[in-house]
Number of protein chains: 2
Amino acid sequence: MARHAAYDRPAALASALNLFWERGFHATSIRDLEGALDMRPGSIYAAFGSKEQLFMEALHLYAQAMRQRLRATIATSASPLQALADYVRSLGSDLQDDMPSKACMLAKTVLESTKKEGALHAAAASALHDTELDMAALFEQAVQRGELPPRADPRRLARQAQASIIGLRVYAQRVGAQRAVVELADDIAATIERMRRYEPHGKKIEGSK
Amino acid sequence: MARHAAYDRPAALASALNLFWERGFHATSIRDLEGALDMRPGSIYAAFGSKEQLFMEALHLYAQAMRQRLRATIATSASPLQALADYVRSLGSDLQDDMPSKACMLAKTVLESTKKEGALHAAAASALHDTELDMAALFEQAVQRGELPPRADPRRLARQAQASIIGLRVYAQRVGAQRAVVELADDIAATIERMRRYEPHGKKIEGSK
DNA sequence: AATTATCTTGAACGATCGCTCAGAAAGTGG
DNA sequence: CCACTTTCTGAGCGATCGTTCAAGATAATT
């Protein structure tokens with residue numbers, strides 16, 4: 001026996017995500033959000049609690065989408081390593097678009113959050129850790145399929161891959177030329193493919209390089 | 001025939017650098033700086049013009065120091081590739097300390113600056129580009145010394161190395177465990193060393209891994 | 001010591017920040 | 001149509017932002 005909310009909460013959250021992703025936490029004001037969400041401050045606070053809680057929700061949404069994309073790419077490929085290489089190459093292509101930001105929002109948040117917003121730092125760090133675990137599982141699969149030698153350390157390979165990807169996306173945020181981004185993505189992908197010295201079932205391919 | 005300035009400008013600039021490096025541009029207020037520099041607002045504005053100009057000077061100082069460190073490491077080594085690997089390993093060790101931030105201030109600035117502070121973005125991007133050129137020159141040297149095959153592309157290798165280093169430093173900013181940072185730095189360094197298939201003067205070393 | 005030139009100080013400006021809340025508006029059930 | 005419940009609105013809160021500037025303080029020169 002009452003009124004319905006006029007706004008579409010998921011849509012509003014998506015708009016907030018876009019703005020936060022583009023500008024970061026500190027450079028995004030509630031008044032900016034009022035415009036982007038087409039909501040008045042009272043409604044925003046009723047729906048999301050505070051600027052920090054809204055950012056946190058947006059961050060979780062972003063992390064979920066990012067993780068899903070990685071998993072989706074993996075699902076389409078028979079080879080874990082090839083899947084990761086494909087993922088990196090697809091990043092290189094998509095980073096040309098007019099996204100809110102080319103850089104990873106999790107990395108942006110880790111870098112910009114101070115002690116005052118410790119919760120944001122922790123959330124972003126945790127999400128990056130989850131992605132790292134996903135990639136470690138992928139490398140573990142590669143070991144079990146014989147694409148990597150048994151002595152390969154999936155956790156360390158995952159770290160290295162994630163560092164390269166984050167570096168790629170910082171690079172994309174920095175340069176104007178899309179071509180350089182595609183080249184860099186291609187080089188990173190090629191580095192991953194070069195690890196793949198063994199065929200599934202333990203049969204060796206050819207010598208390196 | 002007048003009074004001298006009471007503050008030490010270079011020291012004040014260094015203090016400002018530390019604060020900006022730690023918190024970023026938006027999260028650092030003039031009042032924070034008043035405390036860190038032990039200067040009153042009037043003096044700060046007389047000495048540096050504005051918050052943005054002060055940040056810009058600090059950024060240039062940072063870039064200069066960073067570049068000098070890379071060049072210094074290079075100067076101590078006979079092999080360009082080994083020098084770069086050493087540099088990466090030294091980063092992994094130093095990133096354990098209580099620096100203002102473990103992440104690269106240039107990367108932080110590229111990620112946090114919006115259109116309103118376009119000059120900051122451009123300055124940080126330009127400094128990163130300069131570093132990239134330094135590294136490209138290093139790889140070019142490696143080619144000429146025969147450490148890399150003639151077909152190796154120094155510019156693309158430099159891009160990849162820089163992406164990995166920036167990723168390493170984002171990782172360092174994220175995790176609590178120093179050991180993981182050292183491991184990651186070691187893996188990146190090892191990747192660089194693995195490229196070194198030729199000895200100086202064209203003599204081949206052994207086959208790859 | 002007086003003068004002069006510069007520097008330091010800190011109150012305060014207008015703008016904006018994140019956020020609140022009383023009142024207007026609107027949909028629901030009787 | 002009314003009573004009720006919830007939502008929406010936007011003026012405005014206190015705090016803080018970057019910045020300015022008149023007035024006081026200090027050193028060099030005369």
Side-chain angles (χ1 to χ4, degrees), chain A residues 1-13 15-59 109 112-121 123, chain B residues 1-13 15-59 109 112-121 123:
Chain A
M1 40 164 144
R3 196 176 168 184
H4 300 319
Y7 56 85
D8 180 352
R9 197 182 191 279
L13 183 57
S15 297
L17 166 56
N18 284 343
L19 206 58
F20 275 133
W21 186 7
E22 177 187 347
R23 303 192 195 172
F25 180 77
H26 290 114
T28 304
S29 72
I30 292 289
R31 280 161 181 86
D32 292 332
L33 289 163
E34 290 175 29
L37 312 195
D38 192 28
M39 287 170 72
R40 259 37 64 197
S43 300
I44 293 177
Y45 280 85
F48 300 106
S50 71
K51 181 188 172 185
E52 187 165 337
Q53 288 175 48
L54 174 54
F55 186 92
M56 195 79 100
E57 276 201 53
L59 194 74
T109 302
E112 98 154 304
S113 57
T114 65
K115 288 141 206 157
K116 275 191 84 168
E117 310 97 21
L120 302 188
H121 183 95
Chain B
M1 40 168 146
R3 195 177 169 184
H4 300 317
Y7 56 84
D8 180 353
R9 197 182 192 277
L13 183 58
S15 298
L17 166 56
N18 284 343
L19 207 58
F20 276 133
W21 186 7
E22 178 187 347
R23 304 192 193 172
F25 181 77
H26 290 114
T28 304
S29 72
I30 292 289
R31 278 161 183 86
D32 291 333
L33 289 163
E34 290 175 31
L37 311 195
D38 191 27
M39 289 171 70
R40 259 37 63 196
S43 299
I44 294 178
Y45 279 84
F48 300 106
S50 71
K51 181 187 173 186
E52 187 165 338
Q53 287 175 49
L54 174 54
F55 186 92
M56 194 81 99
E57 277 201 53
L59 194 74
T109 302
E112 98 156 302
S113 57
T114 63
K115 288 141 207 157
K116 277 191 85 167
E117 310 98 20
L120 302 188
H121 182 96

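Throughout, protein chains are lettered first and strands after them, A, B, ... in sequence-line order, and every chain is numbered starting at 1.
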List in numerical order all residues of residues 44-58 of chain A for which some heavy atom is under 4.0 Å away from an atom belonging to DNA chain C.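 Hits under 4.0 Å, by residue number: Y45(A), S50(A), K51(A).
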Which residues in residues 32-41 of chain B have a heavy atom closer than 4.0 Å to any atom of DNA chain C?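 Result for residues 32-41 of chain B: R40(B), P41(B), sorted by number.
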Taking every non-hydrogen atom, the tightest pair across [X] and [Y]:
X: L19(B); Y: A36(B); value: CD2-CB, 3.9 Å
X: A123(A); Y: L59(A); value: CB-CD2, 3.8 Å
X: D32(A); Y: A27(A); value: OD2-O, 3.8 Å
X: L120(A); Y: S113(A); value: CB-CB, 4.4 Å
X: L54(B); Y: A16(B); value: CD1-CB, 3.9 Å

Without decimals, in angstroms, what is the distance between [X] [atom1] and [N] [atom2]?
X: Y7(B); N: dC7(C); atom1: OH; atom2: C1'; result: 8 Å
X: I30(A); N: dT20(C); atom1: CD1; atom2: C1'; result: 12 Å
X: D8(B); N: dT8(C); atom1: CG; atom2: P; result: 12 Å
X: E117(A); N: dC17(C); atom1: CD; atom2: C1'; result: 14 Å
X: R3(A); N: dA26(C); atom1: CZ; atom2: C1'; result: 4 Å

Please round to 10 degrees the angle between the axis of the first five pairs and the axis of the last five pairs in the helix from dA1(C)-dT30(D) to dG30(C)-dC1(D). 0°
My understanding is that only residues two or more places apart in sequence, or in another chain, count here; which of them pass ring pair (Phe, Tyr, Trp, His ring centres under 6.0 Å) with F55(B)?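 With sequence neighbours excluded, F55(B) shows a ring pair (Phe, Tyr, Trp, His ring centres under 6.0 Å) to F20(B), F25(B), given in chain and number order.
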Between S43(B) and dT8(C), is there a contact of a side-chain N or O with OP1 or OP2 at under 4.0 Å? yes
Atom pair CD (E57(A)) and CG (L17(A)), whose distance is rounded to the nearest 0.5 Å: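 Atom-to-atom, E57(A):CD and L17(A):CG are 11.5 Å apart.
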Interatomic distance, E22(A) atom CD to T114(B) atom OG1 [nearest 0.5 angstrom]: 8.5 Å
Please assess S15(B) against N18(B) for the test side-chain hydrogen bond (donor to acceptor under 3.5 Å, both in side chains), listing each intermediate value before the final yes or no. CA-CA 5 Å; S15(B) 298; N18(B) 284 343; 5.6 Å; no
Under 3.5 Å donor-acceptor pairs involving side-chain atoms of residues 37-50 of chain B, not counting sequence neighbours:
{"from": "D38(B)", "atom 1": "OD1", "to": "R40(B)", "atom 2": "NH2", "distance (Å)": "3.1"}
{"from": "R40(B)", "atom 1": "NH2", "to": "D38(B)", "atom 2": "O", "distance (Å)": "3.1"}
{"from": "S50(B)", "atom 1": "OG", "to": "E52(B)", "atom 2": "N", "distance (Å)": "3.4"}
{"from": "S50(B)", "atom 1": "OG", "to": "Q53(B)", "atom 2": "N", "distance (Å)": "3.2"}

Taking the nucleotide of DNA chain D with the nearest heavy atom to each, does R31(B) or H4(B) sit closer to the 5' end?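 The 5'-side residue here is R31(B).
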How is S29(A) classified with respect to the nucleic acid when contacts are heavy atoms under 4.0 Å: base, sugar-phosphate, or nothing?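 It contacts sugar-phosphate atoms only.
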Could you list the residues that satisfy side chain to side chain donor-acceptor pair (under 3.5 Å) with H26(B), not counting sequence neighbours?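 Per chain and number, H26(B) pairs via side chain to side chain donor-acceptor pair (under 3.5 Å) with E112(B), E117(B).
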